[in-house]
Number of protein chains: 2
Amino acid sequence: MTLNKVTEAGIGARNKVNILAAAEKVFAQNGLKGTSVQQIADQAGIPKTNVLYYFKSKQELYLAVLKQTLSLWNSRFDLATAQDDPAETLAEYIAEKMEMSRTHPTASKIFALEIINGAPNLNRYFDEEHAQWMRGRVAIINAWIAQGKMSNVDPHYLLFHIWSSTQHYADFSAQVTRLRGSKMKKADFENATSHLISTILSGCGLTVPAQYRAASNG
Amino acid sequence: MTLNKVTEAGIGARNKVNILAAAEKVFAQNGLKGTSVQQIADQAGIPKTNVLYYFKSKQELYLAVLKQTLSLWNSRFDLATAQDDPAETLAEYIAEKMEMSRTHPTASKIFALEIINGAPNLNRYFDEEHAQWMRGRVAIINAWIAQGKMSNVDPHYLLFHIWSSTQHYADFSAQVTRLRGSKMKKADFENATSHLISTILSGCGLTVPAQYRAASNG
DNA sequence: GTCTATAGGCTGATAGAC
DNA sequence: GTCTATCAGCCTATAGAC
């Protein structure tokens, strides 16, 4: 009985994971409305009814994918304080965001599609966790400015700047690849990361920490 | 007869413009697959059949909207030369892009959705006009670097940086509005533009031209 | 837990009256 | 040029056999 339950839970868990992975891939191309349950089933290699057995509706599955996406957003910047070094903290945050774009591009795309659509499924998230996170980061950046650690930049525009320039390499990968002539490899991401850290920190009147300096710059 | 033709052409032209405007608005929310002809008709205030009378298919209407979008992309940067001043040229380009995000956010969103979808309808554009434009701009930036007018940054990453950070204010307006607590007004766009010009030019080792300096900075 | 069958609705697109 | 009526096909979701 217990063994049976465990086995069932094992099968169910594996199937859910499989469906979630397939759904993430397909939702990242055409969003909630533009994606059919049939497409997700085909991607997962199972009949359509099985998808709706594990998730009551397309909407519920989408929300599960979206929630999974948000759980990846965690960063060391979440725990930063006014005592930390802004150059170190911001450089690390930019590097983390670029690593996310490289390793989880579909998660970034799903988030982008949801926001372009007007973020109808993120009302709670925006008004609660996200707004709170924002207030906390803004306060820390303002504290750094007050301490004379960095120049007087609007924290909101700084954070939007970091998000947009890093997520671009995930969301707009089709354009980036076409215009560069080849897919971004790990080394290309490292160069792009160095460019962004160098530029954004420079805009804040900060010096790039040694470990984030591009190798080619000596 | 001639009068009749002119009148008909007038009606047809007006209806096409009306449908294109409605389609742009709706496509900008859910993309090609996620949008129905019925939605476009409702937005335009006409029956569905009338939409398909002026545009043979949803796909054809979408391509018309996309083409209209691309025609807005023109910039003074298109005509820049190696003799121009990089600080002036880049500052103006960033300002132009931000003004586009402010005045034509739906156009930016349609482009974003198309690229996130893998840009299936932009193959020609990417491989021809866009790639040619890119090669030309990269050559000019490299010439500026060779002349010692600016620091040695990768032109590709610089252009991606400008596009992403400016288009963000159109594509992610839902998030920007929620986290700021209010919609971006013209003055907010001017502040964001100053932030971006100051940061990106600083990253290129350039001084911000007087007319692009923020008023509050003295 | 997995499948077939099917309901009921919306889709893109067309035919033909006016 | 505008409309109603309609088609075949796909959609989400469910019922029920196995």
Side-chain angles (χ1 to χ4, degrees), chain A residues 1-27 29-66 113 117 120-121, chain B residues 1-27 29-66 110 113-114 117 120-121:
Chain A
M1 185 66 168
T2 305
L3 182 65
N4 212 350
K5 268 190 181 173
V6 169
T7 307
E8 276 168 30
I11 291 175
R14 264 197 293 115
N15 282 330
K16 276 205 168 194
V17 167
N18 180 32
I19 292 169
L20 280 168
E24 179 179 319
K25 200 167 180 178
V26 186
F27 278 136
Q29 292 168 41
N30 289 297
L32 172 57
K33 286 198 185 169
T35 300
S36 70
V37 177
Q38 185 65 64
Q39 277 180 278
I40 297 167
D42 291 348
Q43 179 69 40
I46 56 173
K48 185 174 62 163
T49 36
N50 292 27
V51 173
L52 290 165
Y53 171 76
Y54 287 102
F55 297 91
K56 280 177 207 164
S57 66
K58 183 171 81 159
Q59 171 83 11
E60 183 183 306
L61 173 52
Y62 176 74
L63 289 177
V65 170
L66 198 60
L113 289 173
N117 188 232
N121 301 106
Chain B
M1 184 66 168
T2 304
L3 183 65
N4 213 349
K5 267 190 181 173
V6 169
T7 306
E8 275 168 31
I11 291 175
R14 263 196 293 116
N15 282 330
K16 276 204 168 195
V17 167
N18 180 32
I19 293 169
L20 280 169
E24 179 179 320
K25 200 167 180 179
V26 187
F27 278 136
Q29 291 168 42
N30 290 296
L32 172 57
K33 286 198 185 170
T35 300
S36 70
V37 178
Q38 185 66 61
Q39 277 181 277
I40 297 167
D42 292 347
Q43 179 69 41
I46 56 174
K48 184 173 66 162
T49 35
N50 291 27
V51 173
L52 290 166
Y53 170 76
Y54 286 102
F55 297 91
K56 282 177 206 163
S57 66
K58 183 172 81 159
Q59 171 83 10
E60 183 182 306
L61 172 53
Y62 176 75
L63 289 177
V65 170
L66 199 60
I110 284 167
L113 289 173
E114 172 67 18
N117 188 231
N121 301 107

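Convention: sequence-line order gives letters A, B, ...; per-chain numbering from 1. From a predicted model like this one, the values you see are computed outputs, not experimental measurements.
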With side chains defined as the heavy atoms from C-beta onward, is the minimum distance between A/Lys58 and A/Phe27 less than 4.5 Å?
yes

Rounded interatomic separation in angstrom, taking CD from B/Gln39 and C1' from D/dC11:
15 Å

Worked verdict on B/Asn50 versus B/Ile19 for side-chain contact (heavy atoms from CB on, under 4.5 Å):
CA-CA 9 Å; B/Asn50 291 27; B/Ile19 293 169; 5.7 Å; no

Just how far, in rounded Å, is C1' of D/dT12 from CZ of A/Phe27?
12 Å

Can you tell me the distance, in whole Å, between the CD1 atom of B/Ile19 and the C1' atom of C/dG12?
15 Å

Rounded distance (Å) that lies between atom P of D/dC11 and atom CG of A/Leu32
14 Å

Check the distance between D/dC3's C1' and B/Gln38's CD and give it to me in whole angstrom.
14 Å

So, do A/Tyr54 and A/Leu61 sit near enough that their side-chain heavy atoms are less than 4.5 Å apart?
no

Which residues in residues 43-55 of chain A have a heavy atom closer than 4.0 Å to any atom of DNA chain D?
A/Lys48, A/Thr49, A/Leu52

Among C/dA13, D/dT2, D/dT12, the one nearest any side-chain atom of B/Asn15 is D/dT2

Nearest whole Å is fine: how far is C/dT11 P from B/Asp42 CG?
9 Å

To the nearest angstrom, how far is A/Glu60 atom CD from D/dT14 atom P?
11 Å

Please report, rounded to the nearest Å, how far the C1' atom of C/dC10 is from the NZ atom of B/Lys33.
17 Å

Spell out, as yes or no, whether a donor-acceptor pair under 3.5 Å connects the side chain of B/Gln39 to the backbone of B/Ser36.
yes

Atom pair CG (B/Asn30) and CG (A/Leu32), whose distance is rounded to the nearest 0.5 Å:
8.0 Å

Rounded to the nearest 0.5 Å, how far apart are CD1 of B/Ile40 and CG of B/Leu20?
10.0 Å

